[in-house]
Participant: 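My structure is below; once you've seen it, I'll send some questions.
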Amino acid sequence: MSDAVLSESRRRRTFAIISHPDAGKTTLTEKFLLYAGALNEAGAVHARAGRRAATSDWMEMEQKRGISITSTALSFEFRGHQLNLLDTPGHRDFSEDTYRVLAAVDAVVMVLDSAKGIEPQTLKLFEVCRSRNLPVITFLNKYDRPGREPLELLDEIESQIGLRPTPATWPVGISGDFRGVVDRRTGEFTRFTRTTRGSAIAPEELVDPEQAAAEEGRAWGHAMDEIGLLDAVEAHVDMPSFLAGESTPVFVGSALTNFGVRHLLDAVIDLAPAPPPQVDLEGAERPLEVDCSAFVFKVQANMDRSHRDRIAFVRICSGRFERGMVLTCERTGKPFATKYASTVFGAERSTVEEAFPGDVVGLVNATGLNIGDTLWESTQVEFPPIPRFAPEVFATARPLDTGKVKQFRKGLAQLDEEGVVQVLRDPQMGDAAPILAAVGQLQFDVFADRLDVEFNAPSEILSAPYDAIRFTDESSSKRLREIGGIRILQRGDGRLVALFESRYRLQRLENDEPELVLDHIIAG
Ligand code: G4P
């Protein structure tokens, strides 16, 4: 049995794609499925999304905004491996859920639009990857159209995010006239041919360097010159530093025309790590082959209004998960029967019978399970909590109906605990005038909707004029309270935070009164 668990986990790769909106994440996902034979024709992911039935308000909200709120895990087979691709919703209006997904993956593909380079959202998501030392594979996308010089993009990766780029493939032909890629490890040239709208796998032709030099002329010479420069600075793919999150293998391609997609997919298998043993709260590794354990990284409630259902998405960390098994929730000590376990693809669910380390399972009817909870089968374990992230938007909340204050408070407590938003309270005022904090406006909308639907407490959420937040402590907060434009509040976990109306004032304070405790909230 334990051999089966080990061999199943060895053939898994659990990863996410991070990118700024429009860099090509959806297109690339679709092309991965196309190459894996999981889609007959590219375009199906979009088409499928369009056909989705509005089965709940979540779906209505998703459709209204044209975004995916329901993070999903796609599983597909490629070269005898199972790839679990976790969705990080790529909309500008993203939420803490986006970040939390990164707690459940072992590697990341960072997609950059090669005309744009590193963009703000890529940067934010990358910071989360860095805090976990996640290995990052970089894909310079859209090379089929005019863009920036790839060498310049490498410089940007290094200078802006401090990750050492090590190109694994290098383009032949300038952006806009993209002919193929050289595999720097083998020296082989792969020439691509476009298919109509990239709906089928791009035919590839392996060409030896001599023939490539004769046929590609100046484009080949130019690529060789650049590769010479890369060789000179020893920018070679280096596994130890990649796995430590210090260097990034770079691939060049075009998701639209399928150029370079197979190389990238190969890299996910050949370079990205298989699920490693998960480290528990005490810092000990939980061996993969022992009994089943998992942690909850996302909770989705109210997906179907008529059922009041609640799905907890768990990542399996050890052992074999079998539908129907009873797991213990470490936080509450209560048993949880996994009678309804499913994978979720958009609005569609299918039942999961078994799963192995690295897999994501959606546990239906998961009342009583919260984000960060550990579940175990027979040997007790507790995994570290999922970090909360620095909020960037703030709002005030109050019940619209003064007769519903009790329901409002109950909802506030529950939704805070679930991590839908962070509720900050004034120690002197309690629940009377809480400030909601989130990484994206979307979280407030979800919060208001759930207060209304599940707790029957319609609320008014108004944007609050804060610009920055820091952790502080009792003694610093005394001084901070004397200054205008700052509020001292308490998080659900008891920690004190200072909210600043002006970032400028915060900076001045940091300079003028360095003795004050004003710590960044990176992963609190
Ligand atoms: P996202 O999920 O990261 O937001 O990006 P998405 O894949 O939706 O791609 C955004 C736009 O960029 C799409 O164009 C898509 O076709 C285009 N795109 C993606 N990859 C490539 C590429 O390699 N080369 C080129 N030239 N374009 C690419 P759109 O006009 O917004 O949509 P549509 O034409 O697909 O309907």
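When a ligand or atom number is given, it counts from 1 through the structure's own listing order. None of these values were measured; they are calculated from a predicted model.
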Participant: Could an N or O of ligand 1 be found under 3.5 Å from any N or O of Gly253, whether backbone or side chain?
Facilitator: no
Participant: Less than 3.5 Å apart, any donor N or O on the side chain of His81 or Arg12 sitting next to an acceptor on the other?
Facilitator: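 The criterion, which ignores hydrogens and geometry beyond distance, is not satisfied for Arg12 and His81.
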Participant: If hydrogens are left out, which of Asp144, Thr27, Ile17 has an atom nearest to atom 6 (P) of ligand 1, that is, the closest non-hydrogen atom?
Facilitator: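 The nearest heavy atom belongs to Thr27.
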Participant: If you count the atoms of ligand 1 from 1 in the order shown, which ones are under 4.0 Å from a heavy atom of Pro21?
Facilitator: 4 (O)
Participant: Do you see a donor-acceptor pair shorter than 3.5 Å between the side chains of Arg164 and Ser241?
Facilitator: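 Yes.
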Participant: Show which atoms of ligand 1 fall inside a sub-4.0 Å distance from at least one heavy-atom site of Asp22.
Facilitator: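 Ligand 1 atoms under the 4.0 Å threshold to Asp22: 1 (P), 3 (O), 4 (O), 5 (O), 10 (C), 12 (O).
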Participant: Please collect all ring-ring contact (aromatic ring centres under 6.0 Å, His included) contacts where either partner lies in residues 239-276, sequence neighbours excluded, each pair once.
Facilitator: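 Listed once each, the pairs are Phe178-Phe259, Phe192-Phe259.
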Participant: Parallel, tilted or perpendicular: which describes the rings of Trp220 and Phe189, with under 30° parallel and over 60° perpendicular?
Facilitator: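 Perpendicular.
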Participant: Set out, in order, the CA-CA distance, both residues' side-chain angles and the distance that settles side chain to side chain donor-acceptor pair (under 3.5 Å) for Thr166 and Ser247, then state yes or no.
Facilitator: CA-CA 7 Å; Thr166 56; Ser247 71; 4.5 Å; no
Participant: Which option, Thr257, Ile18, Thr26, owns the non-hydrogen atom nearest atom 8 (O) of ligand 1?
Facilitator: Thr26
Participant: Report yes if Leu28 has an N/O atom closer than 3.5 Å to an N/O atom of ligand 1; otherwise report no.
Facilitator: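 For ligand 1, there is no N or O atom that lies under 3.5 Å from one belonging to Leu28.
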Participant: Within ligand 1, which atoms have a heavy atom of Asn141 less than 4.0 Å away?
Facilitator: 20 (N), 21 (C), 22 (C), 23 (O)
Participant: Taking Arg13 for the side chain and Gly358 for the main chain, is one N or O donor matched with an acceptor at less than 3.5 Å?
Facilitator: no
Participant: Can you sort out the partners of Asn84 under side-chain hydrogen bond (donor to acceptor under 3.5 Å, both in side chains), two or more places apart, ordered by chain and number?
Facilitator: Thr14, Ser75, Gln82, Asp359
Participant: Going by the atom numbers of ligand 1, which of them fall below 4.0 Å from some non-hydrogen atom of Ser19?
Facilitator: 3 (O)
Participant: Enumerate the atoms of ligand 1 whose separation from the nearest heavy atom of Lys25 is less than 4.0 angstrom.
Facilitator: 1 (P), 2 (O), 3 (O), 5 (O), 7 (O)
